[in-house]
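Position 1 is the first residue of the sequence, and the numbers go up from there.
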Amino acid sequence: MDHQLCLRLGEDAWVSVEADAALEEEGGGPATPLVPERQALAAALGLFGMTVTDVTAFKDGRLVVEFDKRARLTVAARPPLRSLEHHRPEQPARGVHAGR
């Protein structure tokens, strides 16, 4: 058993979320907490079939993944531990930004 939420961003790119996150969906309302450590990830099933439109990694360790249909996943920083892992092909994928 692991405590991760893995998101496939393309054929050769993925992000494995290991920290608490919040999922905001179209229509507003309060964000739904996602807690990989407790396997509280049911709300993430709604992301299935959505397209990633933007990924931003902030210098403070946060990660924001934007999806079509106006969904947004915000991953909290978790110093000194790692919040996420990522893999991508040699060339950066379109829509991936680092540091703000």
**Message:** So if I apply the side-chain contact (heavy atoms from CB on, under 4.5 Å) rule between Val65 and each of Val55, Val75, Leu47, which one comes out positive?
**Reply:**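 Among the candidates, only Val55 passes.
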**Asked** With Glu66, which of Thr53, Thr74, Val52 fulfils side-chain contact (heavy atoms from CB on, under 4.5 Å)?
**Response**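 With Glu66 as partner, Thr53, Thr74, Val52 yield a single side-chain contact (heavy atoms from CB on, under 4.5 Å), made by Thr53.
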Which heavy atom of [X] sits nearest a heavy atom of [Y], and at what distance?
X     : Y     : value
Ala44 : Leu34 : N-CD2, 3.9 Å
Ala31 : Pro33 : O-CD, 3.6 Å
Met50 : Phe67 : SD-CB, 3.8 Å

